[in-house]
Amino acid sequence: MPTQENQKISPNSQNSTGEFNDQYYMARALRLAERGLWSTDPNPRVGCVIVREGEIVGEGWHQVAGEPHAEIHALQMAKEKAAGATCYVTLEPCCHQGKTPPCTDAIIKAGINRVVIAMTDPNPLVSNQGVEILSKAGIVVDTGILSSDAEQLNPGFLMRMRHNRPYIRCKLGMSLDGRTAMESGESQWITSSDARYDVQCLRARSSAIMTGAGTILADNPRLTVREDELSSCQLQSKTAPKQPLRVIIDTHLSTPANARILTDSETTIIFTASNSKSPIPMLEKAGATVIHLANGEREVDLVAACELLASEYEINEMLMETGATLSGAMLRAGLIDEMVIYMAPILMGNKARGLFNLPHIERLNQHISLDIEEIRAVGCDWRITARPIYK
């Protein structure tokens, strides 16, 4: 006898509570929400399915920030068939006037009689208030269907709402012996073109890309999303990606004004601890915004920088593409939520540089543990997805 977990869920299968139907339609809503993977910032990715008498009569997803939400697209498709129907939505419907009217009002007006919500919205402007408004209108509201899947869809939005900082993903390329660059700094290319194409998918879903001044001086990267290299993740989104904000951690303000990261982007934020004013006019002329944010050690205050990116720039997900010094500092500060490590089948030797600069680790019991979530092949390389376990 198969368990509930491994039974095939179809729209016509259900238990006594209709739970299997709910899972099926919510799974459909989640797949729709993924189509906004590249385009909804700073809003969350949301999908919606409207079902009446076992038939999907409307569906939609939030496509672009400032435009109609998922529920509105689904209601427009359903039209009069929404009356008496069940609405499946991956995130609690909004109940406040923002750039668009409240979705709760539209749901009530359409005559929906039941709303199934994957997870409540942590945004204080919405949190549980949408549920309450719908319930007071006589609509049956159920929550928690596939909630963990809904959480995984919006790690950045949830992190920003709950902790006032972005969700930070650290991308690293290394050899089989754990090296990221030669002693000279040479690092292009350790991994294969397949891995580099895969990184484009990470860039496309990110609100910002962070790097350090050392990487700028050594590699002079653009750190842009190259749409022609997104074939490996094209099916996940139906909207062309926008270029993420670029963020440079530059303690001594050494970024040159002609760096490609400045000339190839509309806006770049440079966080510095330097009191020098002389480089600022040229950097600002090149399009950079320079922000002085020093801690007691006369280094950039990384925690404050991340909080500012969340509160002032509404950054949801941030991708780190940097060297061992900044990646080590971010790890020591407890700011890395996820590591995506591309491991190439090569050996680079003892003198080559390591993944993280972690000078405080001198004994085995000081190690940092990782929770390995996935290991998969990407071309001839291996991609390891892991989460640091902070003590």
Side-chain angles (χ1 to χ4, degrees), residues 31 33-41 45 149 152-156 166-181 186-212 215 219 221-247 260-261 264-265 315-324 326-327 330-331 336-346 348 355-356 370-388:
R31 299 292 79 77
E34 287 181 349
R35 299 186 183 185
L37 192 68
W38 300 339
S39 58
T40 64
D41 272 357
R45 302 142 186 157
D149 298 83
Q152 292 173 25
L153 188 63
N154 288 297
Y167 181 90
I168 300 173
R169 186 179 284 114
C170 183
K171 186 276 295 184
L172 299 156
M174 72 173 191
S175 62
L176 189 61
D177 53 348
R179 306 297 176 173
T180 61
E186 179 190 357
S187 62
Q188 295 180 337
W189 297 102
I190 294 173
T191 55
S192 67
S193 59
D194 294 289
R196 296 196 295 277
Y197 292 161
D198 198 64
V199 170
Q200 290 295 315
C201 302
L202 298 179
R203 289 183 182 179
R205 67 174 293 164
S206 300
S207 314
I209 299 177
M210 173 185 281
T211 193
T215 299
D219 298 335
R222 289 187 172 91
L223 298 182
T224 54
V225 176
R226 296 186 287 276
E227 194 173 349
D228 60 333
E229 297 181 8
L230 287 170
S231 58
S232 62
C233 54
Q234 194 73 43
L235 294 178
Q236 292 182 326
S237 182
K238 302 302 180 184
T239 307
K242 61 182 180 181
Q243 293 297 336
L245 177 74
R246 257 71 99 205
V247 178
R260 290 195 294 185
I261 197 171
D264 289 354
S265 65
I315 299 302
N316 287 338
E317 296 181 28
M318 183 161 65
L319 179 65
M320 289 179 57
E321 297 196 43
T322 186
L326 181 54
S327 59
M330 291 286 284
L331 187 60
I336 294 178
D337 301 295
E338 178 184 321
M339 299 176 189
V340 181
I341 304 170
Y342 296 89
M343 184 172 67
I346 61 174
M348 293 171 60
L355 273 179
F356 295 94
L370 302 178
D371 180 13
I372 304 295
E373 293 196 335
E374 181 188 56
I375 301 177
R376 56 166 293 188
V378 178
C380 63
D381 303 318
W382 288 94
R383 187 180 75 186
I384 303 168
T385 303
R387 296 184 185 275

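Because the structure is a prediction, the values reported are computed rather than measured. Throughout, residue positions are numbered sequentially from 1 according to the sequence presented.
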Output side-chain donor-acceptor pairs under 3.5 Å for residues 371-381, partner residues at least two apart or in another chain, one line each.
unit_1 : atom_1 : unit_2 : atom_2 : d
Glu373 : OE1    : Arg387 : NE     : 3.3
Glu373 : OE2    : Arg387 : NE     : 2.5
Glu374 : OE1    : Arg383 : NH2    : 3.2
Asp381 : OD2    : Ser192 : N      : 2.8
Asp381 : OD2    : Ser192 : OG     : 2.7

Discussion item. Testing the 3.5 Å rule here: is there a donor-acceptor pair between the side chains of Asp198 and Tyr342?
Written reply: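 Side-chain D/A pair, Asp198 to Tyr342: present.
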
Fill in: Nearest-0.5 Å distance that lies between atom CG in Leu331 and atom CE in Met339
4.5 Å

Quick check: closest heavy atoms across [X] and [Y], and the distance to 0.1 Å?
{"X": "Thr224", "Y": "Arg246", "answer": "CG2-NH2, 3.5 Å"}
{"X": "Pro244", "Y": "Val225", "answer": "CD-CG2, 3.6 Å"}
{"X": "Thr191", "Y": "Arg196", "answer": "O-NH1, 2.8 Å"}
{"X": "Pro388", "Y": "Leu370", "answer": "CA-CD2, 3.7 Å"}
{"X": "Leu319", "Y": "Ser206", "answer": "CB-OG, 3.5 Å"}
{"X": "Ser327", "Y": "Ile336", "answer": "O-CD1, 3.6 Å"}

Check: [Y] and [X] side chains under 4.5 Å, non-hydrogen atoms:
{"X": "Met318", "Y": "Tyr167", "value": "no"}
{"X": "Leu176", "Y": "Pro345", "value": "no"}
{"X": "Trp382", "Y": "Ile341", "value": "no"}
{"X": "Val247", "Y": "Ile209", "value": "no"}
{"X": "Arg226", "Y": "Arg203", "value": "yes"}
{"X": "Arg205", "Y": "Glu317", "value": "yes"}

Examine distances only and state if a side-chain atom of [X] and a backbone atom of [Y] form a donor-acceptor pair shorter than 3.5 Å.
{"X": "Ser175", "Y": "Arg179", "answer": "yes"}
{"X": "Thr215", "Y": "Thr211", "answer": "no"}
{"X": "Glu338", "Y": "Ile168", "answer": "no"}
{"X": "Ser207", "Y": "Asn316", "answer": "yes"}

Discussion item. For a side chain to side chain contact (heavy atoms under 4.5 Å, CB included) check, start with the C-alpha distance between Glu321 and Leu223, then their side-chain angles and the critical distance, and finish with the verdict.
Written reply: CA-CA 8 Å; Glu321 297 196 43; Leu223 298 182; 3.9 Å; yes

Item to complete: State plainly whether the residues Arg45 and Glu34 are in salt-bridge range, i.e. N to O under 4.0 Å.
Response: no

Practice prompt. Apply the test side chain to side chain contact (heavy atoms under 4.5 Å, CB included) to residues Met348 and Met174: give CA-CA distance (whole Å), side-chain angles for both, the deciding distance (0.1 Å), then the verdict.
Written response: CA-CA 9 Å; Met348 293 171 60; Met174 72 173 191; over 6 Å; no

Discussion item. For Lys171 and Met320: C-alpha separation, side-chain torsions, deciding distance, then whether side chain to side chain contact (heavy atoms under 4.5 Å, CB included) applies.
Written reply: CA-CA 6 Å; Lys171 186 276 295 184; Met320 289 179 57; over 6 Å; no

